[in-house]
Amino acid sequence: LFFYFIKNFSLRIGENKMRNYKIPTLTIAGSDSSGGAGVQADLKTFSAIGTYGMSVITAITAQNTQGVFLVEDLSKEIIESQINVVFEDIEPAAVKIGMVSSPGIIHTIVNTLKKYNPKYLVVDPVMISKSGYSLLKPEAKKSLIEELIPMAYIITPNTPEAEEITGIEINNVDDMREAGRKILEELGPKYVLMKGGHLEGDAVDVLIGNDTFEIYKQERLDRKNTHGTGCTLSSAITSHLALGYDIVEAVKLSKEYITEAIRHSFDIGKGVGPVNHFYKFED
């Protein structure tokens, strides 16, 4: 019993050694009224991994576990002001961008962030919700590709998003490599994490950089409750980068985190429930 206690105490110390709740992280994304995705998922993830979470809300969505029912964008003025006041008072160590639905909002975010030049900018190119609701207006696709993605330290598209960005059909790891390389070379982010959750077989993600090619393979979990997985993974990467991990380790730890959050997901509501952001704190 004594050795069991010592072993588990040591594991807890190891898990918490990099936590620093004074390190600020920022999410720029839409609000999910049901709390499973968007800004709410990002803030839960920041807290669970151990950073101080802040938010800039770009849109308000009426959604629950059964789908997205209505989206209302905030004004460009309030979005710009939120970014300015955060950076002028509490400069974030890393920034994540999620749902940005219109060209005007994207242009505002890009121009405002250029003033502050954050070291780590994680872009999750959110296009369509799990229920099929379009979260990116068709006219905003060009702005996302030409203005926002080139600013990114890393972007985290799933396969449908990567197909939309590149025009390449993705069926396997070789296709993921080709599409990721095209994004890297033509659009200019430093890294691309190609998420293979929509493919068959194991859950395989591929990290691609100019001198980096890493394959992350985890078992595919048969769970119904996966609401907010993309938001959670990208905000986990944001937190780990802010805490000082290099990109390869940040993605590895984030991949492990989302896998366990899915494993410990739970039923709430009548549809697709959320992942469990705080599974580490359950005994």
Side-chain angles (χ1 to χ4, degrees), residues 24-49 51-87 89-90 92 94-110 112-113 118 121-137 140 143-144 148 156 158 161 225-239 258 261 265-266 268-278:
T25 44
L26 173 65
T27 172
I28 303 175
S31 168
D32 171 6
S33 51
S34 70
V39 162
Q40 287 81 353
D42 296 338
L43 292 175
K44 289 174 184 177
T45 304
F46 292 162
S47 294
I49 291 174
T51 61
Y52 179 79
M54 304 180 292
S55 63
V56 169
I57 296 176
T58 61
I60 297 171
T61 71
Q63 67 175 295
N64 56 29
T65 62
Q66 296 177 290
V68 179
F69 297 88
L70 189 64
V71 175
E72 185 168 315
D73 290 339
L74 271 66
S75 72
K76 293 179 288 185
E77 290 75 20
I78 190 61
I79 293 170
E80 179 181 4
S81 185
Q82 287 179 86
I83 297 171
N84 281 329
V85 298
V86 167
F87 271 89
D89 186 38
I90 312 171
V95 179
K96 173 258 174 83
I97 296 181
M99 177 187 169
V100 285
S101 61
S102 73
I105 288 175
I106 293 171
H107 189 66
T108 297
I109 291 170
V110 167
T112 309
L113 286 180
L121 182 62
V122 180
V123 174
D124 183 17
V126 178
M127 293 184 178
I128 300 174
S129 73
K130 271 191 173 61
S131 61
Y133 194 103
S134 179
L135 300 174
L136 181 73
K137 295 174 182 174
S143 299
L144 176 76
L148 187 54
T156 61
N158 58 33
E161 290 162 349
N225 299 314
T226 56
H227 183 50
T229 51
C231 304
T232 298
L233 177 60
S234 57
S235 52
I237 294 169
T238 306
S239 284
I258 188 58
S265 62
F266 53 93
I268 193 169
K270 300 174 182 176
V272 178
V275 301
N276 188 344
H277 296 92
F278 297 108

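- Under the side chain to side chain contact (heavy atoms under 4.5 Å, CB included) criterion, Pro274 pairs with Phe266, Ile268, sequence neighbours left out.
- Annotation: side-chain hydrogen bond (donor to acceptor under 3.5 Å, both in side chains) contacts of Ser239 (sequence neighbours excluded): Thr51.
- Applying the salt bridge (Lys or Arg N to Asp or Glu O under 4.0 Å) rule to pairs touching residues 52-73 yields Asp73-Lys137, sequence neighbours excluded.
- With sequence neighbours excluded, the residues satisfying side chain to side chain contact (heavy atoms under 4.5 Å, CB included) with Thr232 are Ala41, Thr45, Tyr257, Ile258, Val275, His277.
- Minimum interatomic distance between Pro118 and Val95 (heavy atoms only, all atoms of both residues): CB-CG2, 3.9 Å.
- Shortest non-hydrogen contact noted between Met54 and Ile90 is CE-O, 3.4 Å.
- Partners of Ser75 by side chain to side chain contact (heavy atoms under 4.5 Å, CB included), not counting sequence neighbours, listed by chain and number: Glu77, Ile78.
- No option in Asp124, Leu148, Thr238 other than Leu148 meets the side chain to side chain contact (heavy atoms under 4.5 Å, CB included) test with Ile97.
- The two residues Ile79 and Val56 have their closest heavy-atom pair at O-CG1, 4.0 Å.
- Here Ser143 pairs with nothing under the side-chain hydrogen bond (donor to acceptor under 3.5 Å, both in side chains) rule; sequence neighbours left out.
- Here Phe87 pairs with Tyr116 under the ring pair (Phe, Tyr, Trp, His ring centres under 6.0 Å) rule; sequence neighbours left out.
- Qualifying side-chain hydrogen bond (donor to acceptor under 3.5 Å, both in side chains) partners for Ser31, counting only residues two or more places apart in sequence or in other chains: Gln40.
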Using the side-chain contact (heavy atoms from CB on, under 4.5 Å) rule, take Gln82 and Ile57 through it: C-alpha gap first, then chi angles, then the decisive distance, then the call. CA-CA 8 Å; Gln82 287 179 86; Ile57 296 176; 4.2 Å; yes
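- Contacts of Ile60 classified as side chain to side chain contact (heavy atoms under 4.5 Å, CB included), with partners at least two apart in sequence or in another chain: Leu74.
- Nearest heavy atom pair, residue Gly228 against residue Ala37, reads CA-CB, 3.8 Å.
- Residues Met99 and Thr58 come closest through the heavy atom pair O-OG1, 2.7 Å.
- Residue pairs meeting the salt bridge (Lys or Arg N to Asp or Glu O under 4.0 Å) criterion with at least one member in residues 34-46, sequence neighbours excluded, are Asp42-Lys96.
- Screening residues 98-107 for salt bridge (Lys or Arg N to Asp or Glu O under 4.0 Å), with sequence neighbours left out, gives no hits.
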